[in-house]
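First listed ligand is number 1; within each ligand, the first listed atom is number 1. If you're wondering where the values come from, they're calculated on a predicted model, not measured in any experiment.
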Amino acid sequence: MRDALTVVKKAAPVMPVGQFKSLDHAKACAELFAEAGVPAVEITLRHDDAWQMVKTFRDVMPKALIGVGTVLNRRQMLRAVDEADFVISPGFSRELSMLAHKTLTTYIPGVATATEIMAAMAEEHRVLKMYPATAIGGVALLKALTGPFPEAVFCPTGGISEANYQEYLALPNVACVGGSWLVPSEEALAKDRDGYLSMLHNLYSAVV
Ligand code: 3PG
């Protein structure tokens with residue numbers, strides 16, 4: 001059973017957060033990511049075909065860790081246990097935390113405040129998604145949190161882009177960042193697949 005720290009370390013430096021228009025779009029992105037050697041992906045449950053998209057990613061990227069994101073309730077968590085390598089929520093709930101522990105699910109809950117970090121850490125979660133990172137204080141907030149929470153490890157997501165992701169990665173309490181900017185639209189893919197491929201190659205080949 002892998003733990004959440006292993007997931008975020010493997011995902012580094014950036015975990016693509018997938019929100020796809022269609023199954024075809026998801027499949028084309030999975031093929032691009034497989035070719036580029038992307039190590040881990042979060043597939044959000046924000047489309048009617050999202051579970052099918054998760055399956056597509058698992059089929060096309062057998063070497064990568066495939067996570068299910070935007071998990072908000074028990075039903076989604078219980079399905080994700082069987083169909084994904086790890087589970088991410090945008091916020092923290094004790095109910096989902098307990099279910100994750102009970103089912104031995106690799107779980108990364110979301111937090112936005114010191115109070116939520118305390119609640120999550122009280123339930124043995126020290127690897128946390130910070131969401132929506134940029135809107136709630138971004139790098140300054142994460143720096144401030146190192147004092148009271150030296151053991152917390154964050155994967156900030158939300159509003160992160162090519163322009164600012166390195167500022168986040170430079171922080172000692174950030175293991176990786178999440179972002180949708182690595183996921184090309186169907187139009188961008190048709191226009192510049194090679195450009196995305198080389199951008200992704202550079203991103204992950206720089207990892208030591
Ligand atoms: C998420 O669910 O983590 C976010 O929607 C991703 O945020 P971004 O689109 O700003 O990268």
Side-chain angles (χ1 to χ4, degrees), residues 4 7-22 25-26 29-30 32-33 36 38-51 53-54 57 64-73 76-77 79-80 83-93 96-97 100 105-113 116-117 120 125 127-142 145 152-169 171 173-189 196 199-200 203-204:
V7 171
V8 289
K9 282 186 173 167
K10 178 163 177 177
V14 185
M15 172 142 42
V17 178
Q19 303 171 39
F20 307 102
K21 285 266 158 62
S22 65
H25 179 210
C29 287
L32 173 79
F33 289 172
V38 175
V41 182
E42 175 188 342
I43 314 292
T44 60
L45 295 182
R46 298 187 205 166
H47 190 285
D48 288 347
D49 293 329
W51 290 107
M53 291 170 181
V54 172
F57 269 80
L65 297 178
I66 306 301
V68 173
T70 325
V71 168
L72 307 177
N73 57 47
Q76 292 169 331
M77 168 79 82
R79 185 157 180 187
E83 301 191 25
D85 294 311
F86 61 97
V87 175
I88 300 188
S89 295
F92 178 75
S93 91
L96 290 189
S97 165
T105 303
T106 305
Y107 186 42
I108 303 174
V111 292
T113 65
E116 290 161 12
I117 297 169
H125 300 283
V127 178
L128 305 164
K129 170 169 176 157
M130 167 162 288
Y131 182 79
T134 302
I136 58 174
V139 168
L141 175 62
L142 282 156
L145 291 169
V153 175
F154 295 97
C155 173
T157 308
I160 299 178
S161 68
E162 195 163 6
N164 63 5
Y165 79 96
Q166 279 168 338
E167 290 170 41
Y168 283 91
L169 288 172
L171 300 171
N173 53 353
V174 170
C176 74
V177 303
S180 61
W181 91 93
L182 294 183
V183 183
S185 66
E186 283 171 298
E187 298 73 28
L189 207 49
Y196 272 94
M199 187 258 285
L200 291 166
L203 194 59
Y204 297 103

Practice task
Look up atom CE in Met130 and atom CD in Glu116, then write down how far apart they are to the nearest 0.5 Å.
Solution key: 9.0 Å
Fill in the blank from the handout: Less than 4.0 Å from some atom of ligand 1, heavy atoms are found in residues Val17, Gln19, Arg46, Lys129, Tyr131, Thr157, Gly158, Gly159, Gly179, Ser180
Problem - Qualifying residues under ring-ring contact (aromatic ring centres under 6.0 Å, His included), relative to His25, sequence neighbours excluded - result: Phe20
Problem - Side-chain donor or acceptor of Asp85 paired with backbone N/O of Gly67 under 3.5 Å - result: no
Handout entry: Listed partners of Ala120 passing side chain to side chain contact (heavy atoms under 4.5 Å, CB included), at least two apart
Key = Phe92, Val111, His125, Leu128
Practice task
Hey, could you give me each pair passing salt bridge (Lys or Arg N to Asp or Glu O under 4.0 Å) that has a residue in residues 153-169? Not counting sequence neighbours.
Solution key: none
Completion exercise
Taken to the nearest 0.5 Å, the spacing of Leu182 CG from Ser161 OG works out to 10.5 Å
